[in-house]
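The structure appears below as structure tokens.
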Amino acid sequence: MLIEILSCLLAVIYPILLIVDIHQQTKTQKKVDSLHENLKSHQDTCNALNHKLSAIVNDQGTFNEAVTRNMETQWSAIHIIVNQIKEKE
């Protein structure tokens with residue numbers, strides 16, 4: 001008799017537990033999907049920022065090269081002027 005009662009209770013409780021579990025899994029999946037979308041958006045933002053930073057770094061490299069060439073030209077000009085002054089002396 002006790003086994004039959006427990007069996008009936010289990011027959012009623014088990015589907016309820018399944019429904020609760022499915023509901024919880026659905027909520028968890030929605031949270032995971034939302035987190036995935038947020039991370040995707042964050043990744044897209046980071047990629048765009050990396051692209052902009054890369055362009056800035058490339059521009060900075062070009063600028064540094066131009067400054068170096070300009071300094072070399074100025075030093076060359078200074079050497080020429082110094083040599084001309086020494087020759088006149």
Side-chain angles (χ1 to χ4, degrees):
M1 178 78 170
L2 182 59
I3 293 177
E4 291 173 352
I5 293 173
L6 291 175
S7 180
C8 287
L9 281 174
L10 186 59
V12 170
I13 292 174
Y14 185 70
I16 293 172
L17 291 175
L18 282 176
I19 290 170
V20 169
D21 184 51
I22 290 169
H23 178 70
Q24 191 63 34
Q25 287 180 16
T26 302
K27 284 173 54 179
T28 301
Q29 187 61 47
K30 285 180 183 178
K31 288 178 184 177
V32 168
D33 291 344
S34 175
L35 179 60
H36 181 273
E37 285 301 315
N38 287 338
L39 288 175
K40 176 83 171 82
S41 174
H42 178 70
Q43 183 180 18
D44 292 344
T45 301
C46 287
N47 287 342
L49 181 60
N50 283 339
H51 181 71
K52 288 180 181 180
L53 289 174
S54 177
I56 290 169
V57 167
N58 288 339
D59 288 346
Q60 185 65 43
T62 302
F63 176 76
N64 290 345
E65 290 171 6
V67 168
T68 301
R69 282 192 305 271
N70 189 19
M71 287 175 51
E72 290 169 354
T73 302
Q74 289 176 3
W75 279 113
S76 295
I78 290 170
H79 287 330
I80 291 169
I81 292 169
V82 168
N83 288 335
Q84 287 176 351
I85 292 172
K86 284 181 181 179
E87 287 176 5
K88 289 183 180 182
E89 290 179 351

Problem - Same cluster (ILVMFWY, side-chain, under 4.5 Å), Ile5 and Tyr14 - result: no
Problem - Rounded distance [0.5 Å steps], CD in Gln60 versus CD in Glu65 - result: 11.0 Å
Exercise for the section: Not counting sequence neighbours, which residues clear side chain to side chain donor-acceptor pair (under 3.5 Å) with Gln25? List them please. Expected result: Asp21
Completion exercise
Residues passing the side chain to side chain donor-acceptor pair (under 3.5 Å) test with Gln29, sequence neighbours excluded, are Asp33
Handout entry: side-chain contact (heavy atoms from CB on, under 4.5 Å), paired with Gln43, selected from Thr45, Leu39, Asn47
Key = Asn47
Exercise for the section: Could you walk me through whether Glu37 and Ser41 pass side chain to side chain contact (heavy atoms under 4.5 Å, CB included), step by step? Expected result: CA-CA 6 Å; Glu37 285 301 315; Ser41 174; over 6 Å; no
Practice task
In sequence, state the C-alpha distance, the side-chain angles, and the governing distance for Glu4 and Met1, and then conclude on side chain to side chain contact (heavy atoms under 4.5 Å, CB included).
Solution key: CA-CA 5 Å; Glu4 291 173 352; Met1 178 78 170; 4.2 Å; yes
Problem - Asn83 side chain to Glu87 side chain, donor-acceptor N/O pair below 3.5 angstrom - result: no
Handout entry: Transitive ILVMFWY cluster of Val82, excluding itself - 4.5 Å side-chain cut-off
Key = Trp75, Ile78
Practice task
Tell me, yes or no, whether the heavy-atom count around Leu35 atom CG, taken from other residues, nucleotides or ligands under 6.0 Å, exceeds 12.
Solution key: yes
Handout entry: Approximate separation, where rounding is to 0.5 Å, of Leu18 CG and Ile22 CD1
Key = 6.0 Å
Practice task
May I ask you to decide if Arg69's main-chain N or O and Thr73's side chain share a donor-acceptor pair within less than 3.5 Å?
Solution key: yes
Exercise for the section: First locate atom SG of Cys8, then atom CD1 of Ile13, and finally report the distance between them rounded to the nearest 0.5 Å. Expected result: 11.0 Å
Handout entry: Heavy-atom donor-acceptor pair, Ser54 side chain to Asn50 backbone, under 3.5 Å
Key = no
Practice task
Could you tell me the separation between the CG atom of Asn38 and the OG atom of Ser34, rounded to the nearest 0.5 Å?
Solution key: 4.5 Å
Handout entry: Atom pair NZ (Lys27) and NZ (Lys31), whose distance is rounded to the nearest 0.5 Å
Key = 5.5 Å
